[in-house]
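The structure under discussion appears below in the form of structure tokens.
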Amino acid sequence: MDYSQRYGRFRAVLHKIRLEARLSQTELAAKLGKPQLFVSRSELGERRIDFLEPWIFVAPATCP
């Protein structure tokens with residue numbers, strides 16, 4: 001599996017976590033203090049996710 005396939009799977013996992021938390025992109029963005037477009041572009045791969053950012057995405061989706 002090459003890097004782009006792995007990155008696609010990684011983005012899919014982040015997307016799944018958001019959906020399982022029953023958060024819309026807008027709701028997650030509000031919790032992150034970012035615009036909705038930030039979440040959308042990150043999930044679509046239009047914006048690269050930095051090494052430390054997964055924690056930023058996952059924490060609001062998993063902590064009430």
Side-chain angles (χ1 to χ4, degrees):
M1 182 182 305
D2 69 21
Y3 177 79
S4 61
Q5 289 175 322
R6 288 180 187 175
Y7 189 69
R9 290 179 70 189
F10 168 70
R11 288 187 348 261
V13 168
L14 291 179
H15 177 79
K16 182 180 177 187
I17 291 169
R18 179 180 61 78
L19 293 179
E20 287 176 354
R22 297 180 181 200
L23 291 173
S24 68
Q25 288 183 349
T26 303
E27 292 167 329
L28 178 58
K31 288 180 177 245
L32 296 173
K34 303 281 186 182
Q36 178 271 333
L37 201 53
F38 174 86
V39 176
S40 176
R41 287 182 174 164
S42 297
E43 288 183 354
L44 292 172
E46 294 175 1
R47 180 192 170 280
R48 298 294 292 179
I49 298 172
D50 184 77
F51 174 74
L52 297 174
E53 284 183 318
W55 304 115
I56 295 169
F57 275 82
V58 173
T62 58
C63 300

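Separation of atoms CD (Glu46) and CZ (Arg11) is listed at 9.0 Å; rounding is to 0.5 Å. Here Leu37 contributes atom CG and Gln25 contributes atom CD; the two are 9.0 Å apart, rounded to the nearest 0.5 Å. Here the CG atom belonging to Leu19 is positioned 11.0 Å from the CG atom belonging to Leu14, to the nearest 0.5 angstrom.
Counting heavy atoms from C-beta on, the side chains of Val39 and Thr26 never come closer than 4.5 Å. Between Leu23 and Lys31, some side-chain heavy-atom pair lies under the 4.5 Å cut-off. You'll find the side chain of His15 reaches within 4.5 Å of the side chain of Arg18, heavy atoms only. Annotation: side chain of Arg48 is in contact with side chain of Tyr7 (closest heavy-atom distance under 4.5 Å).
Using a distance-only test at 3.5 Å, with no hydrogens or angles considered, no donor-acceptor pair links the side chain of Arg47 to the main chain of Arg41. Distance alone, capped at 3.5 Å, places no donor-acceptor pair between the Ser40 side chain and the Gln36 backbone. A donor-acceptor pair under 3.5 Å is formed between the side chain of Glu27 and the backbone N or O of Ser24.
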